[in-house]
Asker: 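Take this structure, written in structure tokens, and hold onto it; I'll ask about it next.
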Amino acid sequence: MSSRQADMPVGLLADVFERIEAITSRTQMTALLVGLFKQTPPEIIDRVVYLIQGRLWPDWKGLPEIGVGEKLLVKAIALATGVTEASVEGLSKSLGDLGKAAEQLKSKSTGRSQGVTLLSYTQQRTELTVNRVYETLVRVAMAQGEGSKDIKIRLLAGLLKEASPKEAKFIVRFVEGRLRVGIGEATIMDALATIYGGGVAARPLIERAYNLRADLGEVAKILASKGLEAVKEVRPEVGTPIRPMLAERLSDPGEILEKVGGDAFIEYKYDGERAQIHKKGDKVWIFSRRLENITQQYPDVVELARNHLKADEAIVEGEIVAYDPETGELKPFQELMHRKRKHDIHSAIKEYPVKVFLFDLLYLNGHDYTVETLPVRRSKLEEVVDKVEEFTIAEYIRTNKVDELEKFFLKAISEGAEGVMVKALHGDSIYQAGTRGWLWIKFKRDYRSEMVDTVDLVVVGAFHGKGRRGGKYGALLMAAYNDEKDVFETVCKVGSGFKDEDLDKLPEILKPYMRDRRHPRVVANMEPDVWVEPALVAEIIGAELTLSPVHTCAYGKVKSDAGISIRFPRFIRWRPDKSPEDATTSNELVEMYQQQLKKITGETKPSEEA
DNA sequence: TTTGGCTGCCC
DNA sequence: ATTCTGC
DNA sequence: GCAGAATGGGCAGCCAAA
């Protein structure tokens with residue numbers, strides 16, 4: 001990775017980030033970002049954009065990640081500032097921000113204290129530049145194999161030593177993968193449109209290019225070097241992933257149909273992994289929802305696409321689901337996850353067979369279908385797919401009736417789907433990346449509390465929050481009551497569902513029960529930041545129960561070496577009327593788990609069906 | 001050689 | 001993944 | 001309604017410690 005000639009001080013970025021962090025108005029944020037881009041040489045605008053996004057390059061390039069998380073970062077900061085890891089960790093916990101911790105340590109230890117370690121000339125620091133920082137971070141990412149953790153730590157520590165306190169804050173946050181200043185891709189696009197497109201009116205053009213390239217750095221570079229006209233020329237390309245269309249969520253069927261404009265396609269929402277499948281001649285690529293190249297994980301799907309997509313060039317989308325070829329039943333998401341592997345793929349194929357349910361077509365033989373309506377895309381999809389059991393089109397109906405939607409939804413659930421997708425089919429129902437426009441709406445079982453298990457769990461611990469939850473608790477450790485052993489066994493953490501107000505009250509609520517050590521009646525593998533004596537009960541909702549390698553609830557009862565946990569847990573409300581012994585018991589969770597198994601595997605089989 | 005901590009990516 | 005918040 | 005940033009369970013891969 002050679003240095004590029006054009007460069008700029010990274011301090012300029014840090015200054016702008018800090019100013020943006022302090023405000024909440026999106027308009028002002030965009031204006032500040034515009035100011036930054038104006039000072040950015042076009043040659044390095046891609047790097048600046050990546051740095052703002054908290055990444056080195058797009059996921060789909062297949063390049064390594066930084067491979068440094070919180071723990072290694074603590075080591076690097078300790079090494080760079082000459083304090084113990086424990087003190088870095090402590091500061092980070094209390095500030096809720098490892099970046100701020102680094103900043104504080106840097107500003108306290110300017111000059112001498114760290115100069116003691118080695119050379120005094122480090123005091124007259126050379127200014128860090130964007131290229132210098134970027135290239136060092138690339139070296140961190142590229143360090144792999146034996147001894148690589150040490151290399152990563154040293155490289156980062158070196159960078160942090162050279163950095164000003166403010167720069168250190170953002171370097172650390174970058175490595176964590178989020179700058180946390182309130183700038184996302186939309187704000188970046190607005191800023192780019194303002195500078196290079198003559199105003200925010202150019203945003204849709206820029207966004208379209210971004211959707212088709214999934215590389216905002218590249219789009220920025222095209223804009224900066226060749227202008228808006230060049231961006232208009234961007235077309236879908238087989239082998240280059242397209243940013244996925246996402247869905248809104250709603251729990252009322254009537255409202256859903258209203259939102260999509262009455263008439264709609266309703267299709268099963270399968271619980272698997274989303275896949276964007278590209279085919280060009282014999283060559284096939286598969287991209288995940290985050291546009292990682294997952295082709296290697298699914299040689300069976302590659303083969304299916306090769307044989308059953310009747311097109312020279314195509315991009316289609318579907319869901320890969322684990323299933324049992326003997327019975328035809330769909331298997332839970334957890335089963336499919338065993339396919340997330342690089343090694344032993346061929347034994348995994350046999351052990352965890354999958355099938356593919358296609359639901360969209362984005363490109364076909366030179367024609368861009370992302371700009372076509374859903375009915376057009378669907379009918380082309382039907383033409384192009386040579387359906388077989390393992391490679392088929394998602395089950396769907398077309399309707400404008402609420403009761404038919406309800407009925408189809410129940411059928412979907414009974415067949416092991418997690419709900420349905422409701423999709424607009426009107427004249428504007430294009431393939432629109434992201435969530436805008438209410439064109440797709442998901443309707444899942446767990447959005448309806450009456451259809452899903454709600455549990456009352458006991459608080460046994462708490463975790464310090466980060467970012468906007470810095471200085472507060474960010475999550476609680478929850479447990480079920482084991483009435484046979486008279487102990488509390490952990491089920492999950494919960495950090496979602498709290499209003500700011502709830503979080504603000506937490507310290508006061510927890511205060512009477514906080515302890516330094518685990519309460520003797522608590523059984524946990526996990527170590528929270530603070531332990532809490534079992535006393536407080538909260539209602540928790542989730543999508544379903546899972547088998548857990550870490551949580552201790554009913555450990556070994558359903559499966560050896562596994563407890564019971566909850567997928568997508570969220571806080572609903574406190575249950576001050578309940579004592580900890582009134583909480584949901586471990587045995588009740590076992591029963592709920594077994595009931596759930598019956599729902600998934602049992603109900604399709606009975607012959608009274610149909 | 002095995003185990004376990006950490007990380008990234010699925011949902 | 002879900003949820004909350006500020007604009 | 002959009003955009004952004006909090007937060008969850010759990011899997012495999014990787015690397016270092018045991």
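Below, chain A is the first sequence line, B the second, and so on; all start at residue 1. Scope of the values below: all heavy atoms of this structure, side chains included, with no hydrogens, waters or symmetry mates.
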Asker: Do E70(A) and K466(A) sit within salt-bridge range, that is, some charged N less than 4.0 Å from a carboxylate O?
Answerer: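 Salt bridge between E70(A) and K466(A), a charged N being under 4.0 Å from a carboxylate O: yes.
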
Asker: I need the CD-C1' distance between E176(A) and dA5(D), as an integer number of Å.
Answerer: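 Nearest whole value for this atom pair: 13 Å.
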
Asker: Identify whether any heavy atom of G54(A) sits under 4.0 Å from a base atom; if not, whether one sits that close to sugar-phosphate; answer base, sugar-phosphate or nothing.
Answerer: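 Nothing, no heavy atom under 4.0 Å.
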
Asker: Once you apply a heavy-atom cut-off of 4.0 Å, does V181(A) come out as touching a base, just sugar-phosphate, or nothing?
Answerer: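 Sugar-phosphate contact only.
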
Asker: Is it the case that over 12 heavy atoms from other parts of the model lie below 6.0 angstrom from the CZ atom of R341(A)?
Answerer: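 Enclosed: over 12 neighbouring heavy atoms sit under 6.0 Å from CZ of R341(A).
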
Asker: Could you give all pairs that pass the side-chain hydrogen bond (donor to acceptor under 3.5 Å, both in side chains) test and reach residues 174-185 of chain A, with sequence neighbours left out?
Answerer: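 For residues 174-185 of chain A: D97(A)-R180(A), E185(A)-Y210(A), E185(A)-R243(A).
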
Asker: Looking at Q296(A), I'd like to know if its CD atom is crowded, meaning that more than 12 non-hydrogen atoms belonging to other residues, nucleotides or ligands lie closer than 6.0 Å.
Answerer: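 Atom CD in Q296(A) is not crowded, with 12 or fewer foreign heavy atoms closer than 6.0 Å.
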
Asker: Kindly check if the number of other-residue, nucleotide or ligand heavy atoms within 6.0 Å of CZ (R575(A)) is above 12?
Answerer: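 Enclosed.
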
Asker: Over how many whole Å does the gap from I20(A) atom CD1 to dG4(D) atom P extend?
Answerer: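 Atom-to-atom, I20(A) to dG4(D), this comes out as 11 Å.
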
Asker: State, without any angle test, whether R274(A) and S288(A) hold a side-chain donor-acceptor pair at a distance under 3.5 Å.
Answerer: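 Result is no, nothing qualifies.
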
Asker: Output yes when at least one side-chain N/O atom of S288(A) is less than 4.0 Å from OP1 or OP2 of dC10(B), else no.
Answerer: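 Result: yes.
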
Asker: Distance check, rounded to the nearest 0.5 Å: E258(A) atom CD versus D252(A) atom CG?
Answerer: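 If I round to the nearest 0.5 Å, the distance is 8.5 Å.
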
Asker: Does G437(A) or A475(A) map to a spot on DNA chain D nearer the 5' end, using the closest nucleotide for each?
Answerer: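 Result of the comparison: G437(A).
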
Asker: Around atom CZ of R55(A), are there more than 12 heavy atoms from other residues, nucleotides or ligands closer than 6.0 Å?
Answerer: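 Above 12, so yes.
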
Asker: Where along nucleotides 1-7 of chain C does protein come under 4.0 Å, by heavy atom, of base (B) or sugar-phosphate alone (S), with - for untouched nucleotides?
Answerer: SBBSSSS

Asker: From the set dC11(B), dC9(B), dG10(D), return the single nucleotide nearest to any side-chain atom of E292(A).
Answerer: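 The answer is dC9(B), which lies nearest to the side chain.
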
Asker: Measure the CD1-CD distance between I183(A) and E21(A) for me, rounded to the nearest 0.5 Å.
Answerer: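 I183(A) atom CD1 to E21(A) atom CD measures 10.0 Å (nearest 0.5 Å).
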
Asker: Measure from NZ or CZ of K331(A) to the centre of the six-membered ring of Y323(A) and say whether it is under 6.0 Å with the direction within 45° of the ring axis.
Answerer: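 Geometry flag: not set, cation outside 6.0 Å or 45°.
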
Asker: Looking at every strand, decide which applies to R203(A) at a 4.0 Å heavy-atom threshold: base, sugar-phosphate, or nothing.
Answerer: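 Contact class for R203(A): sugar-phosphate only.
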
Asker: Does Q334(A) put a side-chain nitrogen or oxygen below 4.0 Å from OP1 or OP2 of dC11(D)?
Answerer: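 Affirmative; the distance criterion is met.
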
Asker: Using a cut-off of 4.0 Å on non-hydrogen atoms, how would the nucleic acid contact of L72(A) be classed: base, sugar-phosphate, or nothing?
Answerer: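 Sugar-phosphate, no base atom in range.
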
Asker: Using whole Å, what does the distance between atom P of nucleotide dC10(B) and atom CG of L246(A) come to?
Answerer: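 Whole-Å distance recorded here is 14 Å.
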
Asker: Please report, rounded to the nearest Å, how far the P atom of dG4(D) is from the CZ atom of R178(A).
Answerer: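 After rounding, the reported distance stands at 15 Å.
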
Asker: Over all strands shown, is G272(A) touching base, sugar-phosphate only, or nothing at heavy-atom distances under 4.0 angstrom?
Answerer: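 Sugar-phosphate, no base atom in range.
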
Asker: Find which nucleotide of DNA chain D each of P569(A) and P549(A) is nearest to by heavy atoms, and output the residue with the more 5' nucleotide.
Answerer: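 On the 5' side of the pair lies P569(A).
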
Asker: Looking at Y447(A), I'd like to know if the NZ or CZ of R249(A) sits under 6.0 Å from its six-membered ring centre while staying within 45 degrees of the ring's axis.
Answerer: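 Yes, cation above the ring, under 6.0 Å and within 45°.
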
Asker: Any base atoms under 4.0 Å from G465(A), or only sugar-phosphate, or nothing? Heavy atoms, all strands.
Answerer: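 Sugar-phosphate, no base atom in range.
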
Asker: Rounded to whole angstrom units, what separation is found between the CD atom of Q297(A) and the C1' atom of dC9(B)?
Answerer: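 My rounded result for the distance is 9 Å.
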
Asker: One character per nucleotide, please: for nucleotides 12-18 of chain D, 5' to 3', B when the base has a protein heavy atom closer than 4.0 Å, S when only the sugar-phosphate does, - otherwise.
Answerer: SSSSS--

Asker: Nearest whole angstrom, please: distance from the P of dA3(D) to the CD of E21(A).
Answerer: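 So the two atoms are 21 Å apart, to the nearest Å.
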
Asker: Without decimals, in angstroms, what is the distance between K559(A) NZ and dG10(D) P?
Answerer: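 Going from NZ in K559(A) over to P in dG10(D) covers 11 Å.
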
Asker: To the nearest angstrom, how far is R567(A) atom CZ from dC11(D) atom C1'?
Answerer: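 Whole-Å distance recorded here is 12 Å.
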
Asker: Less than 4.0 angstrom between a side-chain N/O of R436(A) and OP1 or OP2 of dA3(D), yes or no?
Answerer: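 The answer is yes; a side-chain N or O of R436(A) sits under 4.0 Å from OP1 or OP2.
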
Asker: As a test of reading the structure: which of dC11(B), dG9(D), dC2(D) is closest to the side chain of R274(A), going by heavy atoms?
Answerer: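 Nearest to the side-chain atoms of R274(A), counting from C-beta on, is dC11(B).
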
